[in-house]
Amino acid sequence: MKIAVVPSDKLKRTPVLTTERLRLEPLQAPHADELAPVLNDPRLHEFIGGRPLGVEALRDRYRHQVVGRSPDGQQLWLNWVVRELRQRRAIGVVQATVTSSPSRAELAWTIEIESQGCGYAREAAGAIAAWLTQQGVEALIAHIHPRHVASEKVAQALGLRPTGESVGDEVRWSN
């Protein structure tokens with residue numbers, strides 16, 4: 001997979017990543033206006049929990065996330081809007097929570113129902129996984145509900161395997 005990267009200061013900022021079909025843009029609070037309708041389908045929450053949020057609640061969540069670090073400074077939060085290049089519209093989000101001791105990133109992805117089954121989650125998650133690996137992140141992790149076959153396939157495409165360890169009702173996958 002060829003990935004074009006707009007340079008960043010090695011994990012200090014979320015870079016723009018471009019793949020063959022997608023542009024991953026650093027998430028900002030105003031993206032809530034565009035993403036609330038994309039993410040408002042209750043079926044998206046079947047395996048990941050929670051519920052659809054309105055624009056204001058989503059904007060508040062994004063304001064918190066774009067700070068870029070956990071309050072204790074131990075985690076780096078990287079969040080992207082997944083934009084389909086051909087139509088230039090947002091179709092989802094991807095994120096990485098990075099810790100340095102040990103060097104690892106927990107990955108998550110959400111793609112709108114209408115765009116699922118097209119390989120977008122695999123392409124977007126693959127782009128951030130490749131970029132993180134280039135930055136020196138050693139371990140990649142995802143937490144996946146055991147009945148979420150589509151996310152399991154994305155994890156497998158990233159080279160992740162189930163560890164047998166559970167976190168809540170999700171299985172931890174790692175490389």
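- Looking only at side-chain heavy atoms (C-beta outward), His145 and Asp169 come within less than 4.5 Å of each other.
- Looking at every heavy atom in both residues, Arg63 comes nearest to Asp60 through NH1-OD1, 2.7 Å.
- Between Leu24 and Val94 there is a side-chain heavy-atom pair separated by less than 4.5 Å.
- Using a 4.5 Å heavy-atom threshold, the side chains of Gln116 and Leu44 count as touching.
- Of the possible donor and acceptor atoms, one in the side chain of Glu84 sits under 3.5 Å from a partner among the backbone N and O of Gln87.
- A donor-acceptor pair under 3.5 Å links the side-chain atoms of Trp80 to the main chain of Pro15, judged by distance alone.
- In this structure, the side chains of Val55 and Asp33 come closer than 4.5 Å at one or more pairs of heavy atoms.
- A distance of 6.5 Å separates OG1 of Thr14 from CG of Asn79, quoted to the nearest 0.5 Å.
- The nearest pair of heavy atoms linking Gly54 to Ala36 is C-CB, 4.3 Å.
- Atom CD of Glu152 and atom CH2 of Trp173 lie 4.5 Å apart (nearest 0.5 Å).
- Smallest separation of non-hydrogen atoms from Val171 and Pro146: CG2-CB, 4.3 Å.
- Using a cut-off of 4.0 Å between Lys/Arg side-chain N and Asp/Glu carboxylate O, Arg83 and Glu25 are scored as salt-bridged.
- Here the closest heavy-atom approach between residue Asp41 and residue Pro52 is recorded as C-CG, 4.2 Å.
- No side-chain heavy atom of Leu85 sits less than 4.5 Å from a side-chain heavy atom of Arg21.
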Contacts table for residues 154-167: side-chain donor-acceptor under 3.5 angstrom, sequence neighbours left out:
residue : atom : partner : partner atom : Å
Thr163  : OG1  : Glu165  : N            : 3.1
Thr163  : OG1  : Arg172  : O            : 2.9

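- The side-chain heavy atoms of Leu140 and Thr133, taken from C-beta on, include a pair separated by under 4.5 Å.
- For Thr99 (side chain) and Gln74 (main-chain N/O), no donor-acceptor pair under 3.5 Å exists by modelled atom type.
- Ion pair Glu56/Arg61 not flagged as a salt bridge, since none of the NZ, NE, NH1 or NH2 atoms sits closer than 4.0 Å to an Asp/Glu carboxylate oxygen.
- Looking only at side-chain heavy atoms (C-beta outward), Trp77 and His64 come within less than 4.5 Å of each other.
- Ile128 approaches Gln95 most closely through the heavy-atom pair CD1-O, 3.7 Å.
- Closest heavy-atom contact between Ser115 and Arg89: OG-NH2, 3.6 Å.
- When each of Asn175, Ile141, Leu132, Thr97 is paired with Arg104, the side chain to side chain contact (heavy atoms under 4.5 Å, CB included) condition holds for Ile141 and for no other.
- Ile111 and Leu27 are members of different hydrophobic clusters when ILVMFWY side chains are connected at heavy-atom separations under 4.5 Å.
- Counting heavy atoms from C-beta on, the side chains of Glu170 and Ile144 never come closer than 4.5 Å.
- Among residues two or more places apart in sequence or in another chain, the ring pair (Phe, Tyr, Trp, His ring centres under 6.0 Å) test is passed with His45 by none.
- Remark: the backbone N or O of Ala96 is not paired with any side-chain donor or acceptor of Glu106 at under 3.5 angstrom.
- Checking Glu123 against Thr19 by side-chain atom types alone, a donor-acceptor pair falls below 3.5 Å.
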